[in-house]
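Inspection log for the structure reproduced underneath, given as structure tokens.
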Amino acid sequence: MKPAIPKGTRDFSPAEMAKRNFIIDVIRSVYNSYGYRQIETPAMENLATLEGKYGDEGDQLLFRILNSGLKNVQHSVKISDIAEKGLRYDLTVPFARYVVMHRHEIMFPFKRFQIQPVWRADRPQKGRYREFVQCDADVIGSDSLLNEVEMVLMINEVFAQFGFKIKLLVNNRKILSAIAEAIDQPDKITDLTVALDKLDKTGTDKVVDELTSKGFSPGSVQKLLPLFKVDESLNSKIHFLNSFLSGSETGRKGIEEIETLFRTLAELGVSSELLKLELTLARGLNYYTGAIFEVKLNDPRSAFPGSLLGGGRYDDLTGIFGLPSVSGVGISFGIDRIYDVMEELNLFDQIPYTTSSTQVLFVNFGEKEACHCLQLLSHIRKKGVHAELYPDPAKMKKQIGYADANRIPYVVLIGSEEIQSGLLTVKTMLTGVQEKLSLDDFIKRLTE
RNA sequence: GUGAUUGUAGCUCAGGUGGUUAGAGCGCCAGAUUGUGGCUCUGGAGGUCGCGGGUUCGAGUCCCGUCUUUCACCCCA
């Protein structure tokens with residue numbers, strides 16, 4: 001049979017892994033430095049845990065796992081009768097489940113991070129995969145807006161290390177639901193936000209069309225129009241919202257949250273170039289209730305479409321699992337998209353990463369010589385040098401070619417002559433220069 | 001889920017209107033160099049033309065189906 005992998009999945013070669021690990025290491029070290037602690041959860045969850053958390057669209061995109069032991073399946077069976085598990089769709093919902101299950105051993109507020117693959121049964125396309133890795137950080141059990149502030153700081157710290165420019169879009173679900181109230185369509189928040197989200201892409205006419213087709217009355221659409229004409233500046237947006245949402249308690253709270261967040265960040269010197277209040281930012285996931293975040297590429301060298309990060313506050317995700325009124329905020333980096341952007345902009349060239357960490361290759365001249373090398377190897381590894389012995393007594397051309405192909409900087413040759421003299425013949429691959437060194441002198445050179 | 005698009009050697013790609021034995025570059029292997037990589041030269045291996053069916057005397061080429069690739073919509077990291 002012909003080898004193949006499922007649609008939308010990928011293999012990663014050593015060179016690709018080195019680059020992926022570079023990205024992950026940056027994120028992990030920032031998470032660590034802010035006090036987040038790592039957990040993992042299973043690839044699969046019970047469908048009951050997953051379903052209904054991501055909207056109708058999200059439910060469609062869940063990978064469901066067929067129950068084991070099934071023999072024949074009739075056409076008329078219900079999915080719930082043949083599948084009770086599914087691959088996780090994100091890391092936030094499994095985390096909420098984790099928090100509820102482990103509530104007695106958790107000290108709140110709980111700051112955790114998690115770096116694992118997730119799966120979505122989407123049609124693959126640019127920047128979209130069926131299996132991809134998310135890097136999440138969440139704080140659960142704290143209402144403080146300082147957590148939102150911290151999320152933004154981490155976002156900036158991480159992206160500052162990648163070599164491309166981004167824009168961090170911020171909005172607040174409370175404001176969005178207050179807008180829905182203000183135009184007398186409080187029950188249509190989802191339709192409203194989905195339509196609003198397309199404003200910058202398709203323009204006001206298309207948004208109006210979509211709202212009308214979704215059953216918004218002409219009167220409510222009329223009421224919405226001023227929103228499209230607000231000035232870009234933060235102050236004029238806030239000013240507009242204050243009057244537009246004056247009658248709404250949630251609207252007032254949302255504006256207050258936004259103001260606090262932006263004020264604190266300004267005091268911390270977070271550039272307003274990076275940060276933008278985007279009133280049309282919606283985000284499809286159902287569970288967000290407060291701040292919402294999204295990072296887009298903002299670099300003249302590329303027009304990469306998708307978002308590189310998403311996140312927000314969810315006030316009651318644990319409620320469904322039986323632990324009400326515990327609020328959390330979180331963010332999620334999409335490393336596959338960050339990788340694509342860095343690859344497109346050739347940014348990996350300027351960044352230190354290695355495909356192989358081997359510093360020395362010992363050439364294999366035969367059983368006796370190899371055995372001698374093994375003893376030297378264990379000594380030199382204890383000194384912290386990364387070294388390997390070629391496994392077969394192959395031709396020199398082959399063995400040195402192996403060092404060349406793997407960019408191993410030094411080759412050590414130990415034949416009968418070297419065993420007798422006790423000196424190593426060391427070849428520096430870059431220059432081709434060859435010299436006789438004692439083991440200690442060689443180690444000294446490598447560890448200096 | 002809707003609409004397009006792609007598939008020929010390990011990789012990148014050629015193969016007018018169907019017609020002998022399907023090509024190139026790069027890579028790979030071997031030799032020139034029996035203890036020496038990159039550069040050069042010489043030689044060699046490697047292809048069910050994505051898969052299945054159809055039209056035809058004859059299909060890499062035309063038709064249908066299917067899978068895959070890429071892209072847009074939807075939605076999202």
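The figures here come from the full heavy-atom set of this structure, side chains too, leaving out hydrogens, waters and symmetry mates. Chain letters run A, B, ... following the sequence lines, proteins first, then strands; residues in each count from 1.
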Which value, in whole Å, describes the distance between the P atoms of nucleotides B:C63 and B:U56?
16 Å
A:Met429 CE to B:G37 C1', in whole Å, measures 4 Å
Answer for the Watson-Crick or wobble partner of B:G46, both distances under 3.5 Å, is none
State the CG-CD1 distance between A:Leu309 and A:Ile338, to the nearest 0.5 angstrom.
7.5 Å
Rounded to whole Å, the OH-C1' distance (A:Tyr402 to B:G35) equals 20 Å
In whole angstroms, the gap separating P of B:U36 from CE of A:Met396 amounts to 6 Å
Taking the side chain of A:Ile400 as its heavy atoms from C-beta onward, which of B:G35, B:G37, B:C74 lies nearest to it?
B:G37
Which base sits across from B:A32 as a Watson-Crick or G-U pair, both distances under 3.5 Å?
B:U40
With sugar-phosphate meaning primed atoms plus P, OP1 and OP2, does A:Lys198 contact a base, only sugar-phosphate, or nothing at under 4.0 Å between heavy atoms?
sugar-phosphate
Considering only heavy atoms, which members of residues 113-131 of chain A lie under 4.0 Å from some atom of RNA chain B?
A:Arg120, A:Asp122, A:Arg123, A:Gln125, A:Lys126, A:Gly127, A:Arg128, A:Tyr129
If I take atom CZ in residue A:Phe365 and atom C1' in nucleotide B:U34, what distance separates them, rounded to the nearest angstrom?
13 Å
Taking atom types as they are modelled, is there a donor-acceptor pair under 3.5 Å from the base of B:G35 to the side chain of A:Gln434?
no
Phosphate oxygens OP1/OP2 of B:A30: is one of them under 4.0 Å from a side-chain N or O of A:Lys397?
no
Separation of atom NZ in A:Lys398 from atom P in B:G38, rounded to whole Å:
13 Å
Separation between the C1' atoms of B:U48 and B:C74, rounded to whole Å
39 Å
Would you say the rings of A:Phe113 and A:Tyr36 are close, in the sense that their centroids are separated by under 6.0 Å?
no
Could you tell me how far apart A:Lys7 (NZ) and B:G7 (C1') are, to the nearest whole angstrom?
14 Å
Rounding to the closest angstrom, what is the interatomic distance between B:C71 and B:U8 at atom C1'?
23 Å
Considering heavy-atom distances to RNA chain B, does A:Leu430 or A:Asp336 have its closest nucleotide positioned more toward the 5' end?
A:Leu430
Whole-Å P distance, B:G52 and B:A9:
16 Å
Look at all strands and tell whether A:Gly311 reaches a base, only sugar-phosphate, or nothing, counting heavy atoms closer than 4.0 Å.
nothing
What is the distance, to the nearest angstrom, from the CG atom on A:Asp209 to the P atom on B:C73?
17 Å
Nearest-nucleotide wise, let me know which of A:Leu309 and A:Gln60 is further upstream toward the 5' end of RNA chain B.
A:Gln60
Please report the distance separating the P of B:C62 from the corresponding atom of B:G1, rounded so that it comes out in whole Å.
28 Å
For B:G47 versus B:A14, give the span between their C1' atoms, rounded off to a whole number of Å.
15 Å
Please report the distance separating the P of B:U70 from the corresponding atom of B:U12, rounded so that it comes out in whole Å.
12 Å
Looking at A:Glu45 and A:Lys53, is any side-chain nitrogen of the basic one under 4.0 Å from a carboxylate oxygen of the acidic one?
no
Check: A:Lys427 side chain, B:U36 base, donor-acceptor under 3.5 Å
yes
Distance check, C1' atoms only: B:G38 and B:U33, in whole angstrom units.
15 Å
Less than 4.0 Å between a side-chain N and a carboxylate O, is that true for A:Asp392 and A:Lys398?
no
Centre of A:Phe216's six-membered ring, under 6.0 Å away, within 45 degrees of the axis: is that where NZ or CZ of A:Lys188 sits?
yes
A:Glu232/A:Lys276 ion pair, N-O < 4.0 Å
yes
Proximal nucleotide (of B:U36, B:G37, B:A30) relative to the A:Thr425 side chain:
B:U36
So that I can tick it off, tell me whether A:Arg112 and A:Asp136 are bridged by a salt bridge, with the cut-off set at under 4.0 angstrom between side-chain N and carboxylate O.
yes
How long is the gap from CZ on A:Phe95 to OG1 on A:Thr41, to the nearest 0.5 Å?
10.5 Å
note: A:Asp404, atom CG; B:G27, atom P; distance rounded to Å ~ 13 Å
salt_bridge(A:Glu343, A:Lys19) N-O dist < 4.0 Å
yes
